[in-house]
Amino acid sequence: MSIYDTLNREQKEAVLTVEGPLLLLAGAGSGKTRVLTHRIAYMIDEMGVNPWHILAITFTNKAANEMRERVDNLVGFGSEQIWVSTFHSTCVKILRRHIDRLGFDNGFTIYDTDDQKTVIKEICKRFQIDTKQLKERAIMSAISSAKDELISPLEYEINAFGDFTKKKIASVYKEYQTILKRSNALDFDDLIMKTVELFKACPDVLYNYQERFKYIMVDEYQDTNTAQFELIRLLADRHHNLCVVGDDDQSIYKFRGANIRNILDYEKVYPEARVIKLEQNYRSTGNILNAANQVIKNNKGRKAKSLWTEKDAGAKVHYRQFDNGYEEAEFVAEDIARKVRKGECGYGDCAILYRTNAQSRIMEERFVLEGMPYNIVGGVNFYARQEIKDILAYLKTIDNGRDDLAVKRIINVPKRGVGNATLDKVQEYADMRNISFYDALREKDQIVSLGKAAAKLEPFVSMMQTFRSKAQYYGIQDMIEDVLEVIDYKGYLNSLNEEDEKTEDRLRNIDEFISKAAIYEQTHDEISLTDFLSEIALVSDVDSMEDADERVRLMTIHSAKGLEFTQVYLVGMEDGLFPSYMTIVSDDPTDMEEERRLAYVGITRAMEDLTLTYAKARMVRGETQYNPVSRFVREIPSELMDNTVPTVKRREEDVFDFRPKAVLKPKITPQPVKPFITQGIGSLNRVAGINKGAAALEADTVLDYTEGDRVRHVKYGEGKVLKLEREPRDYKVTVQFDNAGQKIMYASFAKLKRV
DNA sequence: GTGCCTGCTCACGGG
DNA sequence: GAGCAGGCAC
């Protein structure tokens with residue numbers, strides 16, 4: 001028996017169709033990854049295709065890793081030669097080799113959203129744009145959409161003819177690109193757009209990659225935007241061996257430029273394309289799948305298909321209503337605890353999915369309270385944290401002195417007495433001489449207007465030069481640790497006088513960052529700071545989600561795409577939240593269809609058990625909202641559910657009286673509890689503040705030491721108290737330690753002992 | 001130049 | 001509820 005005998009008829013057909021364009025419409029849970037991996041195996045083992053000629057593109061690193069692993073298991077020899085990666089990292093790899101052809105340096109840095117915002121802000125200020133009328137956010141998204149559509153600043157300007165706002169955006173867009181180029185930086189959208197530009201400008205480069213990638217596969221094709229489509233089209237233009245896999249019903253990234261027409265019109269672009277539909281679902285039980293089908297069929301703009309399963313109907317879809325979000329969270333946590341207690345599932349089998357990241361907080365608080373293990377995926381990206389970005393800015397400056405943004409970020413971190421006035425003067429000089437900000441710093445003595453301030457810049461410049469010379473022979477971990485030590489970053493964090501919990505979180509994050517660097521060094525043969533930095537720029541939280549972890553997953557429905565769980569809780573099923581208010585009031589009906597696809601994605605994540613919850617009242621940005629039950633819940637026929645969904649017209653009092661008994665018991669008095677385990681990216685910072693004030697001193701507490709006394713700290717050793725300041729809830733103590741330098745701390749946390 | 005306070009605005013999703 | 005610009009005191 002061969003490995004292909006386990007496939008169904010359509011799957012097999014897809015696997016055997018190797019030559020020519022192929023559109024694989026793969027419904028949720030229809031085994032598409034299986035098809036893709038088997039197809040690769042078939043190409044290599046049966047068709048004699050050289051693995052070197054195969055390119056497989058996915059959207060997330062996680063999906064790429066998963067495919068890589070499965071291909072490795074299936075294909076014996078040469079599988080490591082297959083190029084499996086995301087759009088963004090594919091482009092980085094190509095650009096690192098050739099972007100000099102477009103006048104960039106191959107060691108470019110990658111700007112994230114925060115970096116973009118800083119640049120845009122600076123431009124708006126300089127151009128005297130009233131950001132109350134034209135928001136930076138709006139400009140950013142306009143530029144991003146332009147790049148998704150491959151519209152250059154010049155074209156944008158031409159299109160803006162007569163439109164005042166667009167003209168302004170055009171001028172910002174143009175300046176933004178100039179600054180990025182001068183900083184030798186690219187943003188996420190540039191990665192794709194510049195690669196397309198490169199291919200169009202340099203046919204020889206394109207030819208090389210066309211001959212290399214004779215067989216191309218693209219996963220999650222419904223989420224590609226125009227630029228990504230063009231990239232793929234160019235690459236496949238010579239051999240036409242392009243297999244795209246997608247599901248128009250799961251297209252949920254329109255806001256990011258995804259063009260659903262790419263999949264709907266595939267056959268127009270490639271008239272000779274084979275189209276194969278995978279409609280048998282292997283994931284969910286009958287009731288869940290039916291519920292999903294019933295919801296999605298309300299969309300008009302979709303390719304006709306209907307998923308079916310051989311599985312039993314299974315449990316009905318659970319529906320629960322609550323008075324408010326707290327009770328909703330309480331129910332979800334207890335329901336999971338109950339299932340785990342009864343041995344029905346483990347924590348790791350459960351996922352709580354919500355529409356917006358803001359909803360995670362209330363759930364998290366409940367999990368902390370109950371001491372249940374959980375893991376928040378997404379939210380604030382680990383690498384976007386202030387302390388991590390500071391260190392990254394040091395590394396970027398060491399690696400690429402042309403990254404002005406990084407230099408400006410750290411020139412006064414820790415405090416070096418360099419303020420805006422000094423920055424402006426240096427920038428002015430840099431502009432005049434047409435050199436980078438960092439190079440201007442090095443020539444500080446030539447900047448007459450600086451006066452005495454020039455002396456304050458000297459230590460920074462000589463320190464950076466030392467780092468750079470060390471970079472030649474230091475590893476990445478060594479470099480990070482050296483930087484932290486030289487700038488005394490821990491001392492700086494302490495001097496910020498933030499809440500103690502917050503400082504501890506930051507220190508923990510730094511430790512985690514160091515270990516990530518160590519892992520990078522262990523897992524890569526060739527270690528380069530540039531590659532390390534670009535790898536970091538491209539990872540998201542979903543990517544680092546551990547599979548074997550026994551904890552409940554909390555994430556947005558967007559993050560959950562491509563994942564499956566036996567127990568799924570879709571919370572906050574309210575009109576106004578999901579679908580979002582923005583969608584309800586939108587005059588574009590396709591917005592609601594996208595929202596419905598999101599509901600479809602959410603429902604189809606569930607294998608055995610799906611629970612939908614609704615809260616009558618919910619706190620949203622500080623105010624209480626009363627929303628009707630989500631229309632998506634109402635689209636599920638009642639015979640598929642275990643509770644009746646009230647019609648919107650019913651009186652509110654009638655609506656909520658059949659809540660399950662479990663949530664009616666008296667409220668537990670909240671106790672500050674340490675999270676069961678804090679691991680994973682989301683959880684670390686988020687639990688901070690729960691214990692807020694718990695250790696604060698009573699008003700009449702008297703310390704047994706005073707100014708001038710010698711004290712001992714558990715970590716810093718002995719030192720002398722320089723200053724003691726009474727604050728409403730605590731004493732602020734400044735201590736000069738013998739070996740650890742000067743620290744400012746709160747008496748209640750520092751637990752100093754008089755010697 | 002720095003630190004702190006206040007009041008204002010903004011809030012969907014993410015590589 | 002949070003982040004940030006702007007104003008103010010030092």
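Computed from a predicted model, the values in this text were never measured in an experiment.
- A cation-pi arrangement is absent between A:Arg631 and A:Phe578, since the terminal nitrogen or guanidinium carbon is not both under 6.0 Å from the aromatic centre and inside a 45° cone about the axis.
- At least one side-chain nitrogen or oxygen of A:Ser559 sits closer than 4.0 Å to the OP1 or OP2 atom of B:dG14.
- Cation-pi check for A:Lys408 over A:Phe437 is met; the charged atom lies under 6.0 angstrom from the ring centroid and within 45 degrees of its normal.
- The residue A:Lys121 sits close only to the backbone: its heavy atoms come under 4.0 Å of sugar-phosphate atoms, none of a base.
- Nearest to the side-chain atoms of A:Arg361 among the listed nucleotides C:dC4, B:dG14, C:dA2 stands C:dA2.
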Atom pairs, protein N/O to nucleotides 8-10 of chain C N/O, distance under 3.5 Å:
none

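- Between A:Phe382 and A:Phe513, the two ring planes are tilted [angle within 30° to 60°].
- Of all nucleotides listed (B:dG14, B:dG1, B:dG13), B:dG1 comes nearest to the side chain of A:Ala421.
- When distances are taken from the side chain of A:Asp189 to each of B:dG13, B:dG15, C:dA5, the shortest belongs to B:dG15.
- A side-chain donor from one of A:Asp187 and A:Tyr176 sits under 3.5 Å from a side-chain acceptor of the other.
- Among the nucleotides C:dA2, B:dG1, B:dA11, the one closest to any side-chain atom of A:Thr422 is B:dG1.
- Side chain of A:Thr113, nearest nucleotide from B:dT2, B:dG13, B:dG15: B:dG15.
- If you take CZ on A:Arg416 and CG on A:Leu457, they are separated by 10.0 Å, rounding to the nearest 0.5 Å.
- Of the residues in residues 247-261 of chain A, A:Tyr253, A:Phe255, A:Arg256 come within less than 4.0 Å of DNA chain B through at least one heavy atom, sorted by number.
- A donor and an acceptor atom never sit less than 3.5 Å apart when one is taken from the side chain of A:Asn412 and the other from the base of B:dG1.
- Salt bridge status for A:Arg618 with A:Glu328: present, with a side-chain N to carboxylate O gap under 4.0 Å.
- A:Val620 comes within 4.0 angstrom of no nucleic acid atom, judged by non-hydrogen atoms across all strands.
- Applying the 4.0 Å criterion to OP1 and OP2 of B:dA11, one finds that A:Arg137 has a side-chain N or O inside that range.
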